[in-house]
Amino acid sequence: MGIAPWRWLFALGLRLLFLVPAGVPVRSGDAGFSKAMDNVTVRQGDSAILRCAVDSRVTRVAWLNRSTILYTGNDKWSIDPRVVLLANTQSQYSIEIQNVDSYDEGPYTCSVQTDNQPKTSRVHLIVQVPPRITEISSNIAVNEGSNVSLVCMATGKPDPVINWRYLSPKARGFVSEDEYLQIIGITKEQSGQYECSAANDVSAPDVRRVKVTVNYPPYILETLNIGTPLGHQGVLRCDALAVPAAEFKWYKEDKRLSESRRGVKVESSENFSRVTFFNVSEQDYGNYTCVATNGLGQSNASIILFEIFQSTSSPLLQEETTAALTPLKGPGAVHDGNSGSPQCRFCAPLSLLLFLAFLSLLLPPLQF
């Protein structure tokens, strides 16, 4: 069935109405006709309602998007199922655009026909789009001292603000308030996660992360010399930081320590190595060297396994040792291992002499 003549003429009149030079505003007619809203702002995915106030003088009414007719009266011209008629009364003519997208943004025109002349009023639909990161650098691995450049691009409306942040307990604030992050001469302390955030207050920020791995040669931490009694267990330990992980080797003097050596166990992980002597012998004592190596270099450290003598708990030996180490106190003094008080070495003989002298005074002299 063909289009009714009046609809064709009305549509033609509406299109001709908008054939005006660029920059020339379309007037809304006499003062008694209310204009449509100046603009409508909605978020992407929400619904936009476009309202047009009319009165009893209006005989025909339509909504257009640029030069495309959406509705005339109750008749739908748009093939878009998201466009629906909300109200067509003597006071209001309104449509709704559901699930609004960015391509819906632009000018919309309410056009009415009265007894005298056609009148129009425009509204501009503004679609706010949440931020979305569209491009970001991949995870990277670089050698220490290299320059690093990270990029993060995002879209949204209004244009999102992009920030880079280093996710570290020691880091404070943003490291870059731009799409690009430049790190000159990166160090191993700067390895880790870098976070890009794009925000425009329309919705929650869009956040993505990039992992930066910094390769560096091994660095052996402080080592300790170990003292162990003969026949006991002794353990040498070597800790090292390195990326990629270091490979450990042990040497005694200039000879590599064999992992299959009897009575000795060598264990290594990503960041440490240890040697266990289950029954230390005289031959085990000496200077050992731990060597940590990766593709970027190596580091070594010396560790000494030395002998210590086990103390005894014998009471007799303790007493003899104490007496031998305690100095004499005064002329003729000796050390008592129990009380610790000094005693006179000549007291007993002197008492005997005094006793004999006393007896000689009491007894008469002997007659021969």
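Cluster membership check: Phe272 does not share its hydrophobic cluster with Leu257, using side-chain heavy-atom separations under 4.5 Å among Ile, Leu, Val, Met, Phe, Trp and Tyr. Linking ILVMFWY residues whenever their side-chain heavy atoms come closer than 4.5 Å, directly or via other members, leaves Tyr166 and Val161 in distinct clusters. Linking ILVMFWY residues whenever their side-chain heavy atoms come closer than 4.5 Å, directly or via other members, places Leu181 and Ile136 in the same cluster. Hydrophobic cluster membership differs between Tyr251 and Val264, with clusters built from Ile, Leu, Val, Met, Phe, Trp and Tyr side chains linked at under 4.5 angstrom. Neither Val214 nor Leu241 shares a network with the other; the hydrophobic side chains, linked directly or stepwise wherever heavy atoms of I, L, V, M, F, W or Y lie under 4.5 Å apart, form separate groups for each.
In this structure a side-chain-to-backbone donor-acceptor pair under 3.5 Å is present from Asn200 to Pro158. Side-chain atoms of Ser78 come within 3.5 Å of backbone N or O of Asp80 as a donor-acceptor pair. Side chain of Glu105 to main chain of Val127: a donor-acceptor pair is present (N/O by atom type, distance under 3.5 Å, no hydrogens or angles). Within the 3.5 Å criterion, the main-chain N or O of Ala198 finds no donor-acceptor partner in the side chain of Asp206. Remark: the backbone N or O of Tyr285 is paired with a side-chain donor or acceptor of Lys252 at under 3.5 angstrom. In this structure, the side chain of Asn147 engages the main chain of Gly185 through a donor-acceptor pair within 3.5 Å. No donor-acceptor distance shorter than 3.5 angstrom exists from the side chain of Asp239 to the backbone of Leu221, with no hydrogens or angles considered. With Ser176 contributing its side chain and Tyr180 its backbone, the two residues share a donor-acceptor pair below 3.5 Å.
Summarising the geometry, atom CD belonging to Glu267 is positioned 4.5 Å from atom CZ belonging to Arg274; distances are rounded to the nearest 0.5 Å. Within the model, atoms CZ of Arg122 and CG of Leu50 stand 14.0 Å from one another, a figure rounded to the nearest 0.5 Å. The distance from atom CD1 of Ile95 to atom CG of Asn65, rounded to the nearest 0.5 Å, is 8.5 Å. To the nearest 0.5 Å, atoms CD1 (Ile186) and OG (Ser191) are separated by 7.0 Å. Note: Thr68 OG1 to Ile79 CD1 = 10.0 Å, rounded to the nearest 0.5 Å. One finds the OH atom of Tyr71 at 4.5 Å from the NZ atom of Lys76 (value rounded to the nearest 0.5 Å).
The minimum heavy-atom distance linking Phe277 with Asp284 is given by the pair CD2-CG, 3.8 Å. The two residues Gln113 and Pro118 come nearest to each other via the heavy atoms OE1-CB, 3.6 Å. Between Val54 and Thr89, the shortest heavy-atom contact is CG2-O, 3.5 Å. When every heavy atom of Trp63 is checked against every heavy atom of Tyr93, the shortest pair comes out as NE1-O, 3.2 Å. Between Val151 and Ser137, the shortest heavy-atom contact is N-OG, 2.8 Å. Taking every heavy atom of both residues into account, Trp250 and Ser273 meet most closely at NE1-OG, 2.9 Å.
Counting non-hydrogen atoms of other residues, nucleotides and ligands closer than 6.0 Å to OH of Tyr219 gives a total of 12 or fewer. More than 12 heavy atoms of other residues, nucleotides or ligands sit less than 6.0 Å from atom CD of Glu189. Gln233 CD: more than 12 foreign heavy atoms inside a 6.0 Å radius. More than 12 heavy atoms of other residues, nucleotides or ligands sit less than 6.0 Å from atom CG of Asn143.
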Exercise for the section: Mind running side chain to side chain contact (heavy atoms under 4.5 Å, CB included) on Cys196 and Ile162 for me, showing each step along the way? Expected result: CA-CA 7 Å; Cys196 173; Ile162 298 177; 3.7 Å; yes

Problem - Intermediate values then yes/no, side-chain hydrogen bond (donor to acceptor under 3.5 Å, both in side chains), Gln44 and Asp101 - result: CA-CA 5 Å; Gln44 185 181 40; Asp101 209 336; 2.6 Å; yes

Handout entry: Verdict with supporting geometry, Val112 and Cys110, side chain to side chain contact (heavy atoms under 4.5 Å, CB included)
Key = CA-CA 7 Å; Val112 299; Cys110 175; 4.2 Å; yes

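Between the side chains of Asn215 and Glu144, no donor-acceptor pair of N or O atoms lies under 3.5 Å. No hydrogens or angles considered: nothing links the side chains of Ser47 and Gln98 as a donor-acceptor pair under 3.5 Å.
Glu282 places a side-chain heavy atom less than 4.5 Å from the side chain of Leu230. Proximity of Lys157 to Gln128: side-chain heavy atoms (C-beta onward) are nowhere separated by under 4.5 Å. Looking only at side-chain heavy atoms (C-beta outward), Lys211 and Thr213 come within less than 4.5 Å of each other. Side-chain contact check for Thr293 versus Lys249: every heavy-atom pair is 4.5 Å or farther apart. The side-chain heavy atoms of Asn271 and Ser269, taken from C-beta on, include a pair separated by under 4.5 Å. Counting heavy atoms from C-beta outward, Ile49 and Glu96 have side chains that approach closer than 4.5 Å. For the pair Thr223/Arg237, no side-chain contact is recorded, criterion being any heavy-atom separation below 4.5 Å from C-beta on. Between Val291 and Asn300, some side-chain heavy-atom pair lies under the 4.5 Å cut-off.
Ion pair Arg82/Asp104 flagged as a salt bridge, since at least one NZ, NE, NH1 or NH2 atom sits closer than 4.0 Å to an Asp/Glu carboxylate oxygen.
The side-chain contact (heavy atoms from CB on, under 4.5 Å) test with Gln193 singles out one residue from Leu167, Asn139, Val210, Val212, and that residue is Leu167.
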